[in-house]
Amino acid sequence: MTLRTASDNFELFARDWLVKIGRSLRHTDANMDIASAHSGYVASFTKIATDSMQLKVKPSSSPSCSYIGVLKYEEHHFEGHGETHDKAQQGPFSRVGRLKVTEIFRFVAGRWVN
């Protein structure tokens with residue numbers, strides 16, 4: 001496998017990986033965390049910013065692993081406030097934080113593993 005082929009393969013893998021990560025989030029826009037606050041309610045959720053994805057693939061010197069792939073992306077955290085549970089859930093929502101994530105994968109036996 002060439003570096004170009006490995007890079008193309010890693011991009012497909014990474015896009016699928018981010019979809020899986022997004023599905024595994026505990027609180028999403030479809031399943032918000034809603035808590036009472038001193039001024040009403042706060043609804044919060046996390047979303048994977050797929051447009052923040054950055055990839056790098058490089059050859060490995062290991063005999064058991066031909067390539068290393070580095071995936072970087074961001075998790076964005078949102079909150080909405082409201083006087084009632086329902087109003088908080090309806091938004092509007094503002095991004096209140098972001099987490100930069102880096103994951104490293106190895107290409108072993110024809111597939112990407114972490």
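Worth saying up front: this structure is predicted, and the values here are computed from it rather than measured. The residues of the chain are indexed from 1 along the displayed sequence.
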Taking all non-hydrogen atoms of both residues, which atom of Ser44 and which atom of Glu79 are closest, and how far apart? CB-CG, 3.9 Å
Could you give me the CA-CA distance, side-chain angles and deciding distance for Ile48 and Leu25, then say whether side chain to side chain contact (heavy atoms under 4.5 Å, CB included) is met? CA-CA 9 Å; Ile48 301 297; Leu25 293 172; 4.1 Å; yes
Would you list the atom pairs, donor with acceptor, under 3.5 Å between side chains in residues 96-110 and any protein atom, with sequence neighbours excluded?
{"residue": "Arg98", "atom": "NH1", "partner": "Glu74", "partner atom": "OE2", "Å": "3.4"}
{"residue": "Glu103", "atom": "OE1", "partner": "Trp17", "partner atom": "NE1", "Å": "3.2"}
{"residue": "Glu103", "atom": "OE2", "partner": "Trp17", "partner atom": "NE1", "Å": "3.2"}
{"residue": "Glu103", "atom": "OE2", "partner": "Tyr73", "partner atom": "OH", "Å": "2.7"}

Measuring only between side-chain heavy atoms, which start at C-beta, is Val19 closer than 4.5 Å to Thr50? no
Can you measure from CG (Asp33) to CD (Gln89) and round to the nearest 0.5 angstrom? 11.0 Å
Starting from the C-alpha separation in whole Å, work towards a yes-or-no answer on side chain to side chain contact (heavy atoms under 4.5 Å, CB included) for Leu18 and Met53. CA-CA 9 Å; Leu18 290 184; Met53 183 176 76; 3.7 Å; yes
Please output the side-chain donor-acceptor pairs of residues 6-14 that fall under 3.5 Å, not counting sequence neighbours, one pair per line with the distance.
{"residue": "Ser7", "atom": "OG", "partner": "Leu3", "partner atom": "O", "Å": "2.9"}
{"residue": "Asp8", "atom": "OD1", "partner": "Arg4", "partner atom": "NH2", "Å": "3.3"}
{"residue": "Asn9", "atom": "OD1", "partner": "Trp112", "partner atom": "NE1", "Å": "2.8"}
{"residue": "Glu11", "atom": "OE2", "partner": "Arg15", "partner atom": "NE", "Å": "3.4"}
{"residue": "Glu11", "atom": "OE2", "partner": "Arg15", "partner atom": "NH2", "Å": "2.9"}

Using every non-hydrogen atom in the two residues, find where Tyr67 and Cys65 come nearest and quote the distance to one decimal. O-SG, 3.1 Å
Any non-hydrogen side-chain atom of His81 less than 4.5 Å from a side-chain atom of Tyr41? no
Minimum side-chain heavy-atom gap Leu71-Leu55 below 4.5 Å: yes
In chain order, what residues pass the side-chain hydrogen bond (donor to acceptor under 3.5 Å, both in side chains) check against Gln54, with sequence neighbours excluded? none
Looking only at the side chains, is there a donor atom on one of Ser64 and Ser62 sitting less than 3.5 Å from an acceptor on the other? yes
Kindly compute the distance separating CD (Glu75) from OG1 (Thr46), expressed to the nearest 0.5 Å. 6.0 Å
Just verifying a value: how many Å separate Ile68 CD1 and Lys56 NZ, rounded to the nearest 0.5 Å? 12.0 Å
Which heavy atom in Phe45 sits nearest to a heavy atom in Met32, and how many Å separate them? CD2-CG, 4.1 Å
Give me the atom names and distance for the closest heavy-atom approach of Ile34 to Ala43. CG1-CB, 3.9 Å
